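Down below is the structure, laid out as structure tokens.
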Number of protein chains: 2
Amino acid sequence: MAEPESATVDLEIIVQGAQEGKKLELRLWLRMLSTTKLISQEIRRRLRNEFGATLPQFDLMAQLYREREGLRLGELSKRTMVTNGNVTGLVERLEADGLVQRVTPDGDRRVTVAKLTEKGETQFSAMAAAHEGWLRDLMADVEPAIVSELWRDIGAVKSSVSNHLSGADFD
Amino acid sequence: MAEPESATVDLEIIVQGAQEGKKLELRLWLRMLSTTKLISQEIRRRLRNEFGATLPQFDLMAQLYREREGLRLGELSKRTMVTNGNVTGLVERLEADGLVQRVTPDGDRRVTVAKLTEKGETQFSAMAAAHEGWLRDLMADVEPAIVSELWRDIGAVKSSVSNHLSGADFD
DNA sequence: GACCGACATTTGAAATGTCAAAGGTTTACG
DNA sequence: CGTAAACCTTTGACATTTCAAATGTCGGTC
């Protein structure tokens with residue numbers, strides 16, 4: 001069995017190059033996904049234990065908290081990245097809990113505007129403060145400079161993705 | 001109305017410092033979350049349109065594809081970060097579609113092992129190839145060096161988060 | 001050999017998620 | 001005017017999600 005005399009080095013280079021450069025986007029995506037899942041689950045658990053709220057409810061209330069005069073359901077759907085049909089049920093449950101109220105403006109009866117109640121504002125501001133602290137806590141071991149860098153670079157990812165969507169979506 | 005004569009510069013510095021350093025972790029998290037949602041929705045749409053599959057099904061099959069001899073449901077639950085009860089239904093539907101089969105080993109009748117069928121392997125490998133291409137495509141505008149950097153730094157985030165979980169979870 | 005604690009999966013209730021189709025309303029055009 | 005197109009929300013069918021409680025099985029101990 002004659003062994004090939006050379007080619008060893010070349011092979012290493014090729015293999016290394018392949019491993020280094022290949023599927024990098026895929027690996028980044030898998031890591032982003034698992035990290036996001038991990039954080040979501042932790043936030044969800046704390047919201048549930050300490051406030052009896054769910055993460056989608058928190059998200060929705062966060063949008064309403066920024067726009068005190070309220071938002072149309074379609075606008076809420078876009079901002080929370082939740083489908084229309086889903087917003088309906090979400091708002092229904094929040095309304096049943098007295099945290100949100102629905103109003104149909106006089107001008108356009110197609111529209112429903114959701115708005116935080118006073119109770120909703122109070123409750124949300126407590127949750128928001130805790131939420132912010134949890135994140136500082138969870139990311140405590142990451143250098144601030146790295147956090148900034150990540151914020152910027154993930155922005156680049158988001159913008160690349162936005163430019164390559166198959167549907168007509170953009171932002 | 002007497003205007004304050006100085007203090008302008010000091011204020012700018014203070015404000016800028018506050019904006020720069022504050023809530024950075026929160027902003028990073030919100031950006032991570034929205035970016036992940038955006039990519040997930042795009043992948044989900046393409047999986048549905050081109051293969052009639054869902055993202056959780058794809059995830060589950062990916063784990064089984066790596067372990068050809070199959071995995072116990074509990075192990076699948078850990079690897080996919082999906083709860084036990086959820087794995088049950090997921091595997092049920094995949095079995096109904098003939099993509100996965102369930103086996104109870106002779107030694108331990110508590111256990112159920114899920115395994116890809118031949119049909120499942122064929123179908124998955126087509127999906128996996130497409131999936132990898134989609135990600136390269138979606139992230140095409142991001143420099144490879146940035147992709148690598150993100151992969152590393154998000155690893156740091158994940159590890160910080162893992163060390164600060166409230167439950168007894170770790171990895 | 002029967003029980004107890006540990007382990008693995010399933011079940012059930014409630015919430016969230018998608019998509020497509022249906023319901024009203026408004027606007028604009030002929 | 002009157003109708004068609006566009007717009008906004010809801011509904012309905014299903015899939016996924018979490019949590020807690022129930023079920024079934026194995027391992028050891030007495």
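So you know, we letter chains A, B, ... as the sequences are listed, proteins then strands, and number each from 1. On a predicted model such as this, the values are computed, not experimentally measured, just so you know.
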Can you tell me the distance, in whole Å, between the [atom1] atom of [X] and the [atom2] atom of [N]?
X      : N      : atom1 : atom2 : value
B:L55  : D:dC14 : CG    : P     : 22 Å
B:L47  : C:dT18 : CG    : C1'   : 13 Å
B:R109 : D:dG24 : CZ    : C1'   : 10 Å
A:L94  : C:dA14 : CG    : C1'   : 14 Å
A:E92  : D:dG12 : CD    : P     : 11 Å
B:Q57  : C:dT18 : CD    : P     : 16 Å
A:L90  : D:dT17 : CG    : C1'   : 14 Å

Task: Main-chain N/O of A:T104 paired with A:T112 side-chain donor or acceptor, under 3.5 Å - done: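 Judged by distance alone, no pair lies under 3.5 Å.
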Task: Presence of B:Q41 side-chain N/O under 4.0 Å of C:dT18 phosphate oxygens OP1/OP2 - done: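 Result: yes.
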Task: B:R48 side chain near C:dT18 phosphate (N/O to OP1/OP2, under 4.0 Å) - done: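 No, outside the criterion.
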Side chain of [X] (C-beta onward), nearest among [options]:
X      : options                : answer
A:R44  : D:dT18, D:dT10, C:dG24 : D:dT18
B:D108 : D:dC8, C:dA15, D:dC26  : D:dC26
B:P56  : D:dA15, D:dT17, D:dG24 : D:dT17

Open item on the list: For residues A:V113 and A:V82: do they belong to one hydrophobic cluster (side chain heavy atoms under 4.5 Å, members Ile, Leu, Val, Met, Phe, Trp, Tyr)?
Closed with: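 Each belongs to a different hydrophobic cluster.
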Task: 5′-ward residue of the pair A:T112/B:T54 relative to DNA chain D - done: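 Whichever sits nearer the 5' end wins; that is A:T112.
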Task: Minimum heavy-atom distance B:V157-A:V142, with the two atoms named - done: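 Smallest interatomic distance, heavy atoms only, reads CA-CG2, 3.8 Å.
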Open item on the list: Between B:L33 and A:T36, is the side-chain contact (heavy atoms from CB on, under 4.5 Å) condition met? List the steps.
Closed with: CA-CA 7 Å; B:L33 190 56; A:T36 301; 3.8 Å; yes
Task: Sub-4.0 Å heavy-atom contacts from residues 80-88 of chain B onto DNA chain C, ordered by number - done: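 B:N84, B:G85, B:T88, in order of number.
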- [ ] Mind running a 4.0 Å heavy-atom check of residues 59-77 of chain B against DNA chain D and sending the residues that fall below it, in number order?
- [x]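 Those residues: none at all.
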Task: Beyond-backbone contact of A:T117 with A:E95, side-chain heavy atoms, under 4.5 angstrom - done: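 In short, these two side chains do not touch, never coming nearer than 4.5 Å.
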